[in-house]
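See below for the structure under consideration.
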Amino acid sequence: MFDAALLFLAGIVGGMLNAVAGGGTFITFPALVFTGVPPVIANATTTVAALPGYLAAAIGFRHELRAGGDLPLVKLTLWTMLGGTVGCLLLLISSNAAFAALVPFLLLAATVIFYWAEPIRRHAARWRSVVAPFGLGTLLPVAIYGGYFNGGLGIVMLAVFAMWGMQDLHLMNGLKSWLSFALALIALAVFAIGGKIVWGPAAVMSAGTIIGGYAGAPVARRIPRRALRLLIAAVGFGMTAIFFWRLVNGA
């Protein structure tokens with residue numbers, strides 16, 4: 001019962017964070033690992049468990065997505081699913097030991113990207129004159145990363161959108177949520193076939209992400225972003241330290 005309650009709560013918090021600013025993986029992935037799920041399976045499961053939360057968040061931003069009617073949404077969705085497939089296949093061939101050794105570094109990189117998201121987005125925006133808007137060359141690598149490790153994906157997506165010249169943050173959050181849903185959908189298919197999902201924990205966590213994801217859109221319009229960013233970064237750096245400790249001690 002404790003494990004189920006922990007996973008459900010992690011799903012709520014993770015779904016809300018993903019909708020508001022990204023960083024939900026800092027909550028959901030460690031929660032699965034701490035309940036005894038092996039790292040590769042935990043990573044695959046947390047991506048799949050986030051699926052309904054991403055969809056709920058995209059629905060929450062539906063008005064902004066409709067307002068951005070000139071977006072090539074179908075093309076972007078297909079490219080995201082293509083890159084996500086490649087990333088998922090890379091995860092399937094990773095051993096638990098190899099992936100566990102990478103996790104602290106991936107979490108650290110994701111946390112750094114998250115904490116310095118605003119400077120990264122501003123710097124990325126400088127490239128909008130030389131980067132093709134909605135280009136495959138910028139979206140595909142991000143989607144591959146998202147298929148392999150979902151941490152910090154939302155922030156990287158927002159930086160790419162800034163490079164494309166997008167400025168409406170709510171529209172960017174809506175597009176991020178929709179493309180993350182598309183990636184999680186293809187991850188569900190690949191990881192299910194590869195036998196890398198623990199369905200019980202995934203179902204419990206998914207129920208939480210639905211609540212958190214749908215509640216996240218209105219929260220995104222009200223919460224002080226600096227305070228939220230500091231809190232998520234503290235969680236991210238804390239989880240990074242724990243996983244480095246586990247790596248050093250062979251846990």
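- Under the 4.5 Å side-chain heavy-atom criterion for ILVMFWY residues, a single connected hydrophobic cluster contains both Ile93 and Val86.
- A 4.5 Å side-chain heavy-atom check between Asn43 and Tyr148 finds every atom pair outside the cut-off.
- Closest approach of Ala49 to Ala202, counting heavy atoms only: CB-O, 3.9 Å.
- In this structure, Phe161 CZ and Leu158 CG are separated by 6.5 Å, a value rounded to the nearest 0.5 Å.
- Contact annotation: the side chain of Val48 never approaches that of Lys196 to less than 4.5 Å [non-hydrogen atoms, C-beta and beyond].
- Between the CD1 atom in Ile242 and the CG atom in Leu247 there is a gap of 14.0 Å [rounded to 0.5 Å].
- Considering all non-hydrogen atoms of both residues, Asn96 and Pro38 come closest at OD1-CB, 3.5 Å.
- With ring centers used as reference points, Phe243 lies under 6.0 Å from Phe29.
- Here the side chains of Leu171 and Leu71 are in contact, with some heavy-atom distance below 4.5 Å.
- The nearest pair of heavy atoms linking Ala10 to Thr28 is O-CG2, 3.6 Å.
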task: Would you check, one step at a time, whether the test side-chain contact (heavy atoms from CB on, under 4.5 Å) holds for Thr80 with Ile186?
output: CA-CA 9 Å; Thr80 299; Ile186 199 67; over 6 Å; no
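- The closest side-chain heavy-atom distance from Tyr145 to Val142 is not below 4.5 Å.
- Neither Val40 nor Ile193 shares a network with the other; the hydrophobic side chains, linked directly or stepwise wherever heavy atoms of I, L, V, M, F, W or Y lie under 4.5 Å apart, form separate groups for each.
- Of the possible donor and acceptor atoms, none in the side chain of Thr46 sits under 3.5 Å from a partner among the backbone N and O of Ala42.
- Residues Phe191 and Leu91 are in side-chain contact: their nearest non-hydrogen atoms beyond the backbone lie under 4.5 Å apart.
- Minimum heavy-atom separation, Thr85 to Val190: CG2-CG2, 4.4 Å.
- Side-chain N/O atoms of Tyr54 and Thr209 include no donor and acceptor closer than 3.5 Å.
- Under a cut-off of 6.0 angstrom, the local environment of CZ in Phe105 is sparse, with at most 12 non-hydrogen atoms contributed by other residues, nucleotides or ligands.
- When side chains are defined from C-beta on, Met81 does not count as touching Leu183, because their heavy atoms never get closer than 4.5 Å.
- Neither Leu78 nor Val160 shares a network with the other; the hydrophobic side chains, linked directly or stepwise wherever heavy atoms of I, L, V, M, F, W or Y lie under 4.5 Å apart, form separate groups for each.
- Atom OG1 of Thr25 sits about 8.5 Å away from atom CG of Leu107, to the nearest 0.5 Å.
- In this structure, the separation between OG1 on Thr45 and CG on Leu32 is 6.0 Å, given to the nearest 0.5 Å.
- When every heavy atom of Ala192 is checked against every heavy atom of Ile197, the shortest pair comes out as N-CD1, 3.6 Å.
- Note on Phe149 and Leu82: same hydrophobic cluster, where clusters join Ile, Leu, Val, Met, Phe, Trp and Tyr whose side-chain heavy atoms are under 4.5 Å apart, directly or indirectly.
- Met157 contributes atom CE, which lies 9.5 Å from atom OG of Ser177 (distance to the nearest 0.5 angstrom).
- Side-chain contact between Leu175 and Leu73 is present, with at least one heavy-atom pair separated by less than 4.5 Å.
- In the hydrophobic clustering of this structure, Ile27 groups with Leu9; members are Ile, Leu, Val, Met, Phe, Trp, Tyr whose side-chain heavy atoms approach within less than 4.5 Å, directly or through other members.
- By the 4.5 Å heavy-atom criterion applied to side chains, Ile59 and Arg62 are counted as neighbours.
- The CG atom of Leu139 sits 10.0 Å away from atom CD1 of Ile144, with the distance rounded to the nearest 0.5 Å.
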message: Show, in sequence, the C-alpha distance, side-chain angles and deciding distance for Ser206 and Leu51, and conclude whether the side-chain contact (heavy atoms from CB on, under 4.5 Å) test is met.
response: CA-CA 7 Å; Ser206 292; Leu51 187 153; over 6 Å; no
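- In this structure, a donor-acceptor pair under 3.5 Å is present between the side chains of Thr138 and Trp164.
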Derivation and outcome, side-chain contact (heavy atoms from CB on, under 4.5 Å), residues Phe99 and Leu106: CA-CA 10 Å; Phe99 186 74; Leu106 291 169; 4.2 Å; yes
